[in-house]
Novice: 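Can you read through this structure? Questions will come right after.
Throughout, protein chains are lettered first and strands after them, A, B, ... in sequence-line order, and every chain is numbered starting at 1.
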2 protein chains.
Amino acid sequence: MPEPHVSAPIRVLVVEDEPVTAEAHAAYVARVDGFTVAGIAHTGHEAIRLLRDSREGRTPPIDLILLDVNLPDTTGIDLCRSLRASGIEIDVIAVTAVRDAAVVRSAVSLGIVQYLIKPFNFAAFAEKLQAYRDYHGRVGSAVVTDQQEVDASFAALRTSSSADLPKGLTRETLDRVRAAVRDSPAGAMSAAELAAELDLSRVTARRYLEHLADTGIVERAGRYGTPGRPEVEYRRR
Amino acid sequence: MPEPHVSAPIRVLVVEDEPVTAEAHAAYVARVDGFTVAGIAHTGHEAIRLLRDSREGRTPPIDLILLDVNLPDTTGIDLCRSLRASGIEIDVIAVTAVRDAAVVRSAVSLGIVQYLIKPFNFAAFAEKLQAYRDYHGRVGSAVVTDQQEVDASFAALRTSSSADLPKGLTRETLDRVRAAVRDSPAGAMSAAELAAELDLSRVTARRYLEHLADTGIVERAGRYGTPGRPEVEYRRR
DNA sequence: GAGCACCGCGAACAGTATGAACACAAGCGG
DNA sequence: CCGCTTGTGTTCATACTGTTCGCGGTGCTC
């Protein structure tokens with residue numbers, strides 16, 4: 001049922017200082033149906049220049065910016081703030097390797113429509129762009145009829161975090177495990193401790209911790225010094 | 001353990017020119033758990049003054065603005081734009097009777113976290129505030145671990161309307177299910193329990209509970225401790 | 001009023017997330 | 001080096017999940 005999307009493609013400006021990464025992102029954009037690359041900028045200044053050219057009609061319009069947060073001459077957040085101050089309402093998808101909640105809050109307050117953490121694969125990237133395309137199509141019309149339609153537009157921007165987890169694991173339990181590891185005072189837990197904390201069996205706790213270790217979220221470490229076999233502790237990083 | 005929300009309430013500034021409506025909105029805010037009214041402004045100037053007082057420490061901080069779009073001296077959109085230009089990252093819920101997609105687009109680009117169309121009842125209002133509270137709690141921590149967590153935070157802001165029901169569901173059955181969940185002593189039911197309660201099949205009970213979970217009315221939680229596959233219980237919030 | 005298309009519901013079934021039980025491994029003390 | 005102690009890692013029964021598909025009711029057409 002993914003309709004072939006006959007309307008004009010969404011024109012994307014890629015802003016990213018690293019040339020190889022910029023090319024990769026541009027290639028990703030081109031691969032997603034309904035999008036086309038409008039340009040690539042490697043600095044904040046270059047991005048602003050391209051946007052001004054576009055807005056003043058010298059180059060075709062730009063609908064969306066794929067904006068790296070860390071730029072040589074500014075940050076994506078500051079760049080975005082100055083856009084808003086100029087009354088430019090262009091939509092922005094933030095791309096960053098920084099894992100700081102303050103950046104997320106700033107991004108939200110500046111009207112960023114999607115937030116992508118580097119590194120990401122094409123599937124994660126395409127999911128964000130497709131969600132934006134749904135939103136873009138919905139608010140294209142001149143009037144909104146009611147609250148439901150507004151809610152539907154907002155809902156289109158939410159992504160389903162469709163990371164497929166291996167057989168035997170549930171999202172619900174995994175979220176609880178991750179929360180427990182994140183909030184543990186020592187930053188590390190054994191399987192038995194986690195089991196007691198979450199009221200799970202040690203077997204189950206171990207299954208999830210092993211999964212987190214395999215995917216690189218936590219790392220294994222021995223805990224020696226006590227009589228008996230040493231415990232394996234799973235340390236967050 | 002569903003913690004009873006002990007953290008500090010979210011302080012809300014109500015901005016609305018019509019005095020009666022402003023009072024009504026303030027009363028609504030006070031009724032929602034976890035929120036408190038920080039002040040009422042009837043004009044854009046007054047709002048800015050109150051915000052400045054707050055930011056400069058003369059009055060307690062303000063976390064959230066409930067912002068009417070039509071004001072006597074400016075529009076909520078322009079007010080919001082000047083806030084962003086000043087680097088103020090306060091969160092905003094827009095309230096408006098205007099049904100114009102351009103306003104929605106502007107609102108999104110200015111980082112408005114929720115959008116409410118007047119007139120609205122308390123249920124619709126509370127839904128938006130509760131969604132914001134979820135978001136606020138999620139991004140409160142200093143670091144975000146990964147993409148999934150960011151997605152979850154964004155998803156909290158982007159509620160889908162619970163009013164339109166997908167194929168396969170009946171309004172009447174849905175109402176019965178909601179009533180049963182609301183009146184359940186434990187505040188949580190499994191699909192099988194609901195089925196027994198309403199004399200439905202477990203399949204149907206599950207369909208409706210899943211819908212309620214997707215729209216954020218209830219949340220899923222595992223029920224562990226017994227041998228065998230764990231039950232999924234649906235907990236009202 | 002008969003035929004027809006649709007749609008919400010549930011019986012049945014395959015799949016799967018969990019924990020009890022158990023065999024084994026690793027450090028420690030004699 | 002051998003038992004002792006403590007936690008690891010695995011197997012498997014188990015009970016619930018999630019899905020498929022046919023039934024029966026409702027409304028619409030002719």
Novice: Using a strict cut-off of less than 4.0 Å between a Lys/Arg side-chain nitrogen and an Asp/Glu carboxylate oxygen, indicate whether A:K128 and B:D151 qualify as a salt bridge.
Specialist: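 Looking at A:K128 and B:D151, the cut-off is met.
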Novice: Whole angstrom is fine here: how far is it from NZ in A:K167 over to P in C:dT16?
Specialist: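 Value for this atom pair: 4 Å.
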Novice: What is the distance, rounded to the nearest whole Å, between atom OH of B:Y224 and atom C1' of D:dT14?
Specialist: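 In whole Å, D:dT14 C1' lies 17 Å from B:Y224 OH.
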Novice: Any chance you could list the contact pattern along nucleotides 5-13 of chain D? Use B for base contacts, S for sugar-phosphate-only contacts and - for none, protein heavy atoms under 4.0 Å, 5' to 3'.
Specialist: BBBBBB---
Novice: Take atom CG of B:L174 and atom P of C:dG8, then tell me their distance rounded to the nearest Å.
Specialist: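 For the pair B:L174 CG and C:dG8 P, the rounded distance is 12 Å.
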Novice: Rounded to the nearest 0.5 Å, what separates atom CD in B:E149 from atom CZ in B:R138?
Specialist: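 B:E149 CD to B:R138 CZ: 7.0 Å, rounded to 0.5 Å.
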Novice: At under 4.0 Å, does any side-chain N or O of B:S201 touch on OP1 or OP2 of C:dG8?
Specialist: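 No.
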Novice: Between B:Q147 and A:Y115 (side chain of the first, backbone of the second, donor and acceptor by atom type, cut-off under 3.5 Å), is there such a pair?
Specialist: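 A pair under 3.5 Å: yes.
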Novice: Under 4.0 Å: is that the gap between some side-chain N or O of B:T204 and OP1 or OP2 of C:dG8?
Specialist: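 False: B:T204 side-chain N/O out of range (4.0 Å or more) of C:dG8 OP1/OP2.
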Novice: Scan A:R223, A:R202, A:E231, A:R206 and name whichever one has a side chain to side chain donor-acceptor pair (under 3.5 Å) with A:S190.
Specialist: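 Passing option: A:E231.
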Novice: Just the rounded figure in Å: distance from C1' of D:dC16 to CZ of B:R220.
Specialist: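 Distance, rounded to whole Å: 16 Å.
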Novice: Specify the separation, in whole Å, of atom CD of A:E172 and atom P of D:dC16.
Specialist: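 Interatomic distance, CD of A:E172 to P of D:dC16: 18 Å.
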Novice: List for me each residue that meets side chain to side chain donor-acceptor pair (under 3.5 Å) alongside A:D214, sequence neighbours excluded, and say none if there are none.
Specialist: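 Applying side chain to side chain donor-acceptor pair (under 3.5 Å) to A:D214 gives A:R220.
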Novice: Taking for each residue the nucleotide of DNA chain C bearing the nearest heavy atom, is the 5' side occupied by B:A205 or by A:P166?
Specialist: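 Here B:A205 is the residue nearer the 5' end.
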Novice: Expressed as a whole number of angstroms, how long is the span from B:L209:CG to D:dC16:P?
Specialist: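 Taking CG of B:L209 and P of D:dC16, I get 16 Å after rounding.
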Novice: Do the side-chain N or O atoms of A:T173 get closer than 4.0 angstrom to the phosphate oxygens (OP1, OP2) of C:dT18?
Specialist: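 Yes, because at least one side-chain N or O of A:T173 sits under 4.0 Å from OP1 or OP2 of C:dT18.
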Novice: Under 4.0 Å between any heavy atoms, over every strand shown, what does B:G222 touch: base, sugar-phosphate, or nothing? Just pick one.
Specialist: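 If one applies the 4.0 Å heavy-atom cut-off, B:G222 turns out to touch nothing in the nucleic acid.
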Novice: Kindly write out the residues that satisfy side chain to side chain donor-acceptor pair (under 3.5 Å) with B:E16, not counting sequence neighbours, or none if the list is empty.
Specialist: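 Counting only residues at least two positions away or on another chain, B:E16 forms a side chain to side chain donor-acceptor pair (under 3.5 Å) with B:K118.
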Novice: May I ask you to check whether B:Y224 and A:T204 show a side-chain donor-acceptor distance below 3.5 Å?
Specialist: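 No, no side-chain donor-acceptor contact under 3.5 Å.
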Novice: How long is the line joining OH of A:Y208 and P of C:dT16, in whole Å?
Specialist: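 Those two atoms, OH and P, are 13 Å apart.
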Novice: Whole angstrom is fine here: how far is it from CG in A:L194 over to C1' in C:dG19?
Specialist: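 To the nearest whole Å, that distance equals 15 Å.
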